Amino acid sequence: MLVKLILAAALTLAVCTSPRAEEFAPDPSRPAEPDRAVPLLRPQIPPELDVEQARFLRSRAEEGDPAMQCLYGLALVNGSAGRYDPAEGMEWLRKSAEAGDERGGFEYGKALYGGALGTPDTAESLKWLIPAAERGNIEAAYYAGAAYLSEGDIDPDPVEGERWLRLAASSGMAQAQGDLGLAYYSGLGGLKQNYGEALRWFTLAAKQGNGDACNKLGVIHRQGLGVQPDPEQAILWFAMGANMGDQYAQFNLANSYMNGEWLTRNFVQAARWYEQASLWGNTDAQYFLGCMYADGIGVTRDAGRAREWLTLAERGGHRQAGEVLEMLYAMDDSMPLSPADPARVGAGSLLREFTVSPLDKIERGREVILDLDDDVVVSPGDEAGAIYLTLPGSPGVIHCEGVFGRPLDGVEPGMVLRGVGAGFTGLPGFLRLVDVVIEPRDGDAAAPAEMIDAADAVEAVESR
C-alpha cells in the first residue's frame, strides 16, 4: 500500500529534522490533568468492601465515630462500598474533618483539591491540608505544595508551593521529588526556572523508579539544559524511563533508533518502542507506527494494522493521521504510473538534499537512477529483497524494494541502482523505490537519462 503524506505548512514535519518528542509528543513538561502539578495518590483502603464491611462502616459513621466517617466517606468516593456516591462520601468526609479527625481533615482537603464533586476547590482544600501538613503529614505537604503551584482557582504562590513540596521531597517521597523537579524545570506556578535544581530532584526521583523523571533527565542531557549536552547520558535515561513504562521516554527512545541519533539506526527497535508508547495512548507514536506498517519499515507491511493505529491516532486528535488514512482507503494499486523522464542523481547528494527538501518530490512512477557514492551506507532491509541507503549525519533514508541483480554483499560504491519511485512513504525522512536493479556503473552508459543533481531533480518534478 502506497502512502503520500500531505503536511500542513504550519506543522511541516520537515525532513531536515528527525521527529523529536518535544516537537510531536505532548509537552512532557506540562502539568498532569486536570491542570494539576501532580496526580492524586490513591487512599489506602480495601479496593472492594463486602456487604457486611460496608454496613459496619456505615453504622459506626452514623454513631458519630469520626475515624469511621472518614473511612466510609472514602469508600463512597472511590466506589468501594458497593456503590459510587461522591456527594454522600464528601459529606461524611466533611463531618469527620469538622469533628477533628486528622485523617478526615487531610482526606477531605485532598478530595476538594482533586475535584471529587467535579470542580476543584483549591482555597477550601488548603484550609484542611495546611493544618495536616503542619502536624507532619507528608502527603498533606505534598498536596499543599501542588495546590500552591497549580494553575487552578487561586493565584499560584511559588514561595509556599516550593516550601511544602520541598518538605515532602526531602522526606524521600519519589512523587514529590519528581514534581519539585518539574516545577523547577518548567517554572511551574511562577517558581524561578532552575535546571540545576531540576536535575537534582529528577535524579533522586529516577533512582526510586520514577519513569517521567528519567525522561526529563534524558531531555536535559540531550538539549544541554544547564549542563553540557551528553548524548550517552540522554539515551541511558530514555532507556531507563522507557523500561519503567513512561510513554514519552519510550517515544524519545523510538525516535533515537529511528533517526540513528546517538544509536545505530534500528527500525525494528524503533517500531518496538513506538508500539509501547502507542499502547499508552500516545497519538504521535500511533501515527508513526501506522506509517511504518503502511510501508513495511521495521515491521512486516500490513495495511490492516496500519489503518488500526492511524485510526486510533486520528481519534486522539492527530490531524496528519487522518490525512494518511484517507489516502490508504483511496489508494488504488492498479492506478497507472505517472510518465516522467528518468532522473539520475548521486545517492549521497540526494540524501543530503533530504535535509532541505521534502521527500515526496520524486513522484510515484518516475524512474530514478542512483549512483552509489563512497559515503553511502548500504544496510539489509527488514524483508527479503530490500535494502536501506543512509548517509551519516543525514535523516534521509532511501528504501529500495524488490532488489535483484546482485547479492547485498556485492553492492559497493561505483555501482548503479535503477528503480521506480513508489510515492512518499508516509514517514518523514524516507523515499521508497521499487523494482530496483543493481548494476555496474559502466554498464549504464547507454541509459536514456540526463545527469542532474538532486536540486535539479526536485525542480524538475515541481515544474510538472
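Just so it is clear, the structure is predicted and the values come from calculations on it, not from any experiment. Here, residue 1 is the first one in the sequence, and each next residue gets the next number.
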### Message
Going by the rule side chain to side chain contact (heavy atoms under 4.5 Å, CB included), which residues pair with Asn210 if we only count those two or more places apart in sequence or in a different chain?
### Response
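Asn210 satisfies side chain to side chain contact (heavy atoms under 4.5 Å, CB included) with Ala205, Asp212, Ala213 once adjacent residues are dropped.
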### Task
Tell me, yes or no, whether the heavy-atom count around Arg83 atom CZ, taken from other residues, nucleotides or ligands under 6.0 Å, exceeds 12.
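Count over threshold, so yes.
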### Query
What about Phe202 and Tyr184, are their ring centers closer than 6.0 Å?
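No, too far apart.
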### Query
Can a salt bridge be assigned to the pair Glu275 and Arg272 using a cut-off of 4.0 Å between side-chain N and carboxylate O?
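The answer is no: the pair does not qualify as a salt bridge.
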### Spacing of CH2 belonging to Trp201 relative to CG belonging to Asn194, to within rounding of 0.5 Å
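Interatomic distance, Trp201 CH2 to Asn194 CG, rounded to 0.5 Å: 12.0 Å.
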### Glu162 and Lys192 ion-paired at < 4.0 Å
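Looking at Glu162 and Lys192, the cut-off is not met.
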### Message
Rounded to the nearest 0.5 Å, what separates atom CG in Leu289 from atom CD in Glu308?
### Response
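The distance works out to 10.5 Å.
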### Message
Parallel, tilted or perpendicular: which one describes the rings of Tyr274 and Phe288, with boundaries at 30° and 60°?
### Response
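Parallel: the ring planes of Tyr274 and Phe288 meet at under 30°.
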### Message
Less than 4.0 angstrom from a charged side-chain N to a carboxylate O is my criterion; do Glu197 and Arg166 meet it?
### Response
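Salt bridge: yes.
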### Message
Can a side-chain donor-acceptor contact be found between Asp246 and Gln250 if the only test is distance below 3.5 angstrom?
### Response
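There is no such pair (donor and acceptor under 3.5 Å, judged by atom type) between the side chains of Gln250 and Asp246.
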### Query
If we only count heavy atoms from C-beta on, is the Val227 to His221 side-chain gap below 4.5 Å?
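They are in contact (side-chain heavy atoms under 4.5 Å apart), so the answer is yes.
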### Task
Fit a plane to each ring of Tyr287 and His318, take the angle between them on a 0 to 90° scale, and name the class: parallel (under 30°), tilted (30 to 60°) or perpendicular (over 60°).
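Ring orientation of Tyr287 relative to His318: parallel.
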